[in-house]
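Single-structure report; data block below.
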2 protein chains.
Amino acid sequence: MTQYGRVEKVRLLVVDDDPPIADLVATVARYEGWDAVTANTGEEALRLAGEFHPDIVVLDLMLPGVDGFGVLDRLRRSGTMVPVVFLTARDGVADRVAGLTRGGDDYLVKPFAVEELMARLRTVLRRSAGPNFQRSVLRVGDLSMDEDTHEVRHGEKLLTLTPTEYEVLRFLLRKSPTVMTKAQILDHVWEYGFGGRSNVVELVVSRLRRKLDDAGDTGAPLIQTVRGFGYVIRQAGG
Amino acid sequence: MTQYGRVEKVRLLVVDDDPPIADLVATVARYEGWDAVTANTGEEALRLAGEFHPDIVVLDLMLPGVDGFGVLDRLRRSGTMVPVVFLTARDGVADRVAGLTRGGDDYLVKPFAVEELMARLRTVLRRSAGPNFQRSVLRVGDLSMDEDTHEVRHGEKLLTLTPTEYEVLRFLLRKSPTVMTKAQILDHVWEYGFGGRSNVVELVVSRLRRKLDDAGDTGAPLIQTVRGFGYVIRQAGG
DNA sequence: CGGTGGCTGTCGAGAACCTGTCGGACTGCT
DNA sequence: AGCAGTCCGACAGGTTCTCGACAGCCACCG
């Protein structure tokens, strides 16, 4: 299956001075089938941008030496229109970031959730592909999620989900019909470094189920428990 | 879907000596599905005009070397009737510009808001397409906005909106039914370089809602909040 | 020039809503 | 029956959203 209308792998450049973070992002991207390289300094980033020709860049704004804005500037000056998704601390340069989504770029506040970053990257890629970009709709059985309009329907019924519920459901839909463990869900949907080793996931699934099943379902629950492993969304009977 | 009655992509030439600005405009235009090229000097602009045959030109009047007026002059001398939208500093040459907008051209003061620029470009294009140009009316549900007459109606009721309200509403209508984040709205509707890290967007939406809903609406508000994400205009029940 | 009125953005309080923790009930397996 | 794993009600703290009040600004007018 081709993604975003392209045949080759997406090429991603991750720029972050914190190697664990850069690697985390690169790893997840590779797991999605992308080509990913990392840079830990602005200089390296610029060099790699020239050699690697990424389709998209993840750029931390807090860099030693040439900072994120400098890198962006030089990137643009060299004529690359490659879309960028910025990372920034919550309090940090938030104000200076304003104005960055205009050029089609996007930004995310640290600490972020891996799935959310991937979702934004996909969106930015999809949109930068041109005007004829397609809606992204995830479907399993009679459940559908439109990632652009944020509409989630179960059959005819329109559901209202909270942000967390939405993210968990998206993750499960995206991975369906693979079983995801609670740890995996936690690691992807919650911010990295989230402390709560609790039963949040169960809770959110529980709340999700209530909303899904209130929507007129009768048979097996849409989100199934695989005891001892985790959760799946599977077509009924599947 | 054809835009402005044409089948091929609109071809835009952006002339500005400030590369970030030129790229900004080009990027936004590409997102709309246009073909865009940039020039940073008058000479380059003239060369590109000859090769690229743009349908419309965005021209900064403050250029080093051959200035904006010179470029325009030579363009016209070479027989091109391509419509032009000028950019100028606030205090700058506003009076001299006034005389130039006769031929269906237009101008905008820097710093401008991206959406407003795009709106003017669309208008100029439509007009230059000839006498049989079509009105551009945005509609969602019983809400309609005529971009030529600036009339906004909710059902029968004619609304009076302030400029900011109008722009925000237009942006939401144009993007409907996609959810726009507050950052996106801020970035597109406010001038680039706007610092306000506040709740302006929420405020304007609030004021808009009051006007929309005073107009005899009863059910769900037309502008819906997607908590944690942003705002959408969506057909009721949809 | 000073006055008037409309438009915009800031502030802040209150409302609405979301989220994680706790703990008790429940389930399925052995 | 016993146990680990799961489910979910209730609650408190925190976050996000809404909107009234107000002040600066600008355009227009006398």
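Contact annotation: B/K182 side-chain N/O to D/dC17 OP1/OP2 distance is under 4.0 Å. Phosphate contact (OP1/OP2 of D/dC7, side-chain N/O of A/T225, threshold under 4.0 Å): present. Residue B/S198 places no side-chain N or O under 4.0 Å from the OP1 or OP2 atom of C/dG9. Close to D/dC7, at under 4.0 Å from its OP1 or OP2, lies a side-chain N or O of A/Y231. Close to C/dT19, at under 4.0 Å from its OP1 or OP2, lies no side-chain N or O of A/W190. Residue A/S206 places no side-chain N or O under 4.0 Å from the OP1 or OP2 atom of D/dC7. Between A/T162 and C/dT19 there is a side-chain polar atom (N or O) within less than 4.0 angstrom of OP1 or OP2.
Salt-bridge check for A/R126 with A/D148: passed, with a basic side-chain N closer than 4.0 Å to an acidic carboxylate O. We find that A/E202 and A/R209 are not joined by a salt bridge, their nearest charged nitrogen and carboxylate oxygen being 4.0 Å or further apart. Salt bridge annotation for A/R174-A/E147: present, with a cationic side-chain nitrogen under 4.0 angstrom from a carboxylate oxygen. Classification of A/R153 and A/D146 as a salt-bridged pair fails, no side-chain N sitting under 4.0 Å from a carboxylate O. The existence of a salt bridge linking A/R170 and A/E115 is excluded, since no basic side-chain nitrogen approaches an acidic carboxylate oxygen closer than 4.0 Å. Between B/R30 and B/E32 there is no salt bridge, since none of the side-chain N atoms of the basic residue sits less than 4.0 Å from a carboxylate O of the acidic one.
Note: CZ (A/R209) to P (D/dT6) measures 11 Å, nearest angstrom. A/L203 places its CG atom 10 Å from the C1' atom of C/dC22, with the value rounded to the nearest Å. Atom CD of B/Q224 and atom P of C/dC17 are 14 Å apart (whole Å). Atom C1' of nucleotide D/dC19 and atom CZ of B/R210 are separated by 7 Å, given to the nearest angstrom. Atom CD of B/E202 is separated from atom C1' of C/dC17 by 14 Å (rounded to the nearest Å). As a whole-Å value, the separation of B/I223 CD1 from D/dT18 P is 10 Å. B/F194 has its CZ atom 18 Å from the P atom of C/dC7, to the nearest Å. Atoms NZ (B/K211) and P (D/dC19) sit 14 Å apart, rounded to a whole Å.
When distances are taken from the side chain of B/V200 to each of D/dC8, C/dT19, C/dG9, the shortest belongs to C/dG9.
Using a 30° and 60° split on the angle between ring planes, B/Y192 and B/F112 fall in the perpendicular class, above 60°.
At a threshold of 4.0 angstrom between heavy atoms, the contacts of B/Y166 with the nucleic acid are absent.
For the pair B/P163 and B/N199, both in contact range of DNA chain C, the more 5′-proximal nearest nucleotide belongs to B/P163. Comparing A/T160 and B/V204, the nucleotide of DNA chain C nearest to each residue sits closer to the 5' end for B/V204.
Over its full length, the helix from C/dC1-D/dG30 to C/dT30-D/dA1 turns its helical axis through 20°, comparing axes from the five pairs at each end and rounding to 10°.
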Review item, nucleotides 11-14 of chain D N/O atoms under 3.5 Å of protein N/O:
none

_Chi angles and distances behind the side-chain hydrogen bond (donor to acceptor under 3.5 Å, both in side chains) call for A/D106, A/T101_ = CA-CA 5 Å; A/D106 200 352; A/T101 78; over 6 Å; no

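Taken from NE2 in B/H188 to CG in B/L117, the straight-line distance is 11.5 Å, to the nearest 0.5 Å.
By the side chain to side chain contact (heavy atoms under 4.5 Å, CB included) test, B/D16 pairs with B/D18, B/I21, B/A22, B/D60, B/L87, B/K110, sequence neighbours left out.
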